[in-house]
2 protein chains.
Amino acid sequence: METIAYSIGQLAKQANCKVETVHYYEKTGLMPEPPRTEGGHRLYVLEDAKRLKFIRRCRELGFKIQQIKELLKFIDEPDHYCGEVKAMALQQADDVQQKIDDLERLKLALYEMVAQCKGGRYSINDCPIVEALYVT
Amino acid sequence: METIAYSIGQLAKQANCKVETVHYYEKTGLMPEPPRTEGGHRLYVLEDAKRLKFIRRCRELGFKIQQIKELLKFIDEPDHYCGEVKAMALQQADDVQQKIDDLERLKLALYEMVAQCKGGRYSINDCPIVEALYVT
DNA sequence: ATAGAACCTGTAGTAACTACAGGATCAAGG
DNA sequence: CCTTGATCCTGTAGTTACTACAGGTTCTAT
């Protein structure tokens, strides 16, 4: 039975990213160096498409390249366990929660400033927002 | 009456940033090119300290350098009005809200995956997290 | 006078791509 | 078979907002 080959463009389209991104993932070791055609074009297989999509999904979930490398190591090497993956996902979730908390505080500060401000054609000198930030 | 002069180091310390950051702000036009000593060291005044702190506070609030440039224009030029500042702050608050919403979705996805996962010493092949992400 | 802190300029590195430039190869239609 | 346009190749530079040197000069305090 034959294995179906994909061009880098097809791979990228499937994973919803640019060809250059795949190049980049290859350079940084996330994606393998695939075999080439006579002319030097990269030839991928279905497994590579899976891998690229995995990388992209993880990126969407906010994982950094380094973390994804670790996750891929779990997948590539057989001697790892589910618990390790779970721990990383939990850590990631906590990081996200932290970011949310920070942004909530930020939002509050902004809305408070906005609420203080009458807006309109008052001079900048009387603007409470400027006053709140532009001080000694 | 004499004007008190500050070194770049004193300025940076006041604004809780690095000397190099002030250099960077000068290069990018956020901070002015101040007069120098005979030997070439920068000499700042209180107004500059205010400006630097303003920039840093805005950065903490998530404003981008470009946005801060616009805000500083409001301060530097007299023919602007409070309403413009308010509008930018509101826009910023909305952007923050958007980011929060995105992160909340992200968090949910992560926690859902984690909840599915028994963890522990089960093989990676049965890990629901990997299964959720590493698919065709 | 001198030691050591602080300052100077300029370059390169960070993260995760994106955007070319300039050229080669591939697939489809005539 | 040949051509044309799409796709691909490598390599370099740009993006954001800094940070980290290197190698040298100046300032400040004793």
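We use all heavy atoms of the structure for the numbers below, so side chains are in, but hydrogens, waters and symmetry mates are not. Chain letters run A, B, ... following the sequence lines, proteins first, then strands; residues in each count from 1.
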Quiz prompt | d(CZ, F63(A); C1', dA16(C)) in whole Å | solution = 17 Å
Quiz item: Which is the 5'-most and which the 3'-most nucleotide of DNA chain D that has an atom under 4.0 Å from a heavy atom of chain A?
Solution: dC8(D) to dT10(D)
Quiz item: For dA16(C), does OP1 or OP2 lie under 4.0 Å from any side-chain N or O of R56(A)?
Solution: no
Self-check item: Separation of dA27(C) C1' from Y6(A) OH (nearest whole Å)
Solution: 18 Å
Practice problem: Hey, could you give me the CG/CD distance between L103(A) and E104(B), rounded to the nearest 0.5 Å? | Solution: 10.0 Å
Quiz item: Please give, in whole Å, the distance from dC17(C) P to E60(A) CD?
Solution: 11 Å
Quiz prompt | Distance in Å, I100(B) CD1 paired with K107(B) NZ, rounded so as to fall on 0.5 Å steps | solution = 11.0 Å
Quiz item: Taking atom NZ of K86(B) and atom CD of Q116(A), what is their separation to the nearest 0.5 Å?
Solution: 10.0 Å
Self-check item: R36(A) vs dC26(C): side-chain N/O to OP1/OP2 distance below 4.0 Å
Solution: no
Quiz item: Among residues 19-30 of chain A, which contact DNA chain C at a heavy-atom distance under 4.0 Å?
Solution: E20(A), T21(A), Y24(A), Y25(A)
Quiz item: Would you say a side-chain N or O of T37(A) is under 4.0 Å from OP1 or OP2 of dC26(C)?
Solution: yes
Self-check item: Minimum-distance nucleotide to I8(B) side chain [options: dC8(C), dT18(C), dA16(C)]
Solution: dC8(C)
Self-check item: Greater than 12 external heavy atoms within 6.0 Å of D94(A)'s CG
Solution: yes
Quiz item: Rounded to whole angstroms, how far apart are NZ on K18(B) and C1' on dC7(C)?
Solution: 16 Å
Practice problem: Please report the closest heavy-atom contact between Q98(B) and R105(B), naming both atoms and the distance. | Solution: NE2-NH2, 4.5 Å
Quiz item: Q92(B) side chain to L61(B) main-chain N or O, any donor-acceptor pair under 3.5 Å?
Solution: yes
Self-check item: Nearest-nucleotide 5' precedence on DNA chain D, K64(B) against H41(B)
Solution: K64(B)
Quiz item: What distance separates L52(A) CG from F54(A) CZ, expressed to the nearest 0.5 Å?
Solution: 11.5 Å
Quiz item: For R51(A) and L30(A), which heavy atoms make the closest approach, and how far apart are they?
Solution: NE-O, 2.8 Å
Quiz item: Of all heavy-atom pairs between P34(A) and L43(A), which one has the smallest distance, and what is that distance?
Solution: CB-O, 3.3 Å
Quiz item: Does R59(A) have a side-chain nitrogen or oxygen under 4.0 Å from the phosphate oxygens OP1 or OP2 of dA15(C)?
Solution: no
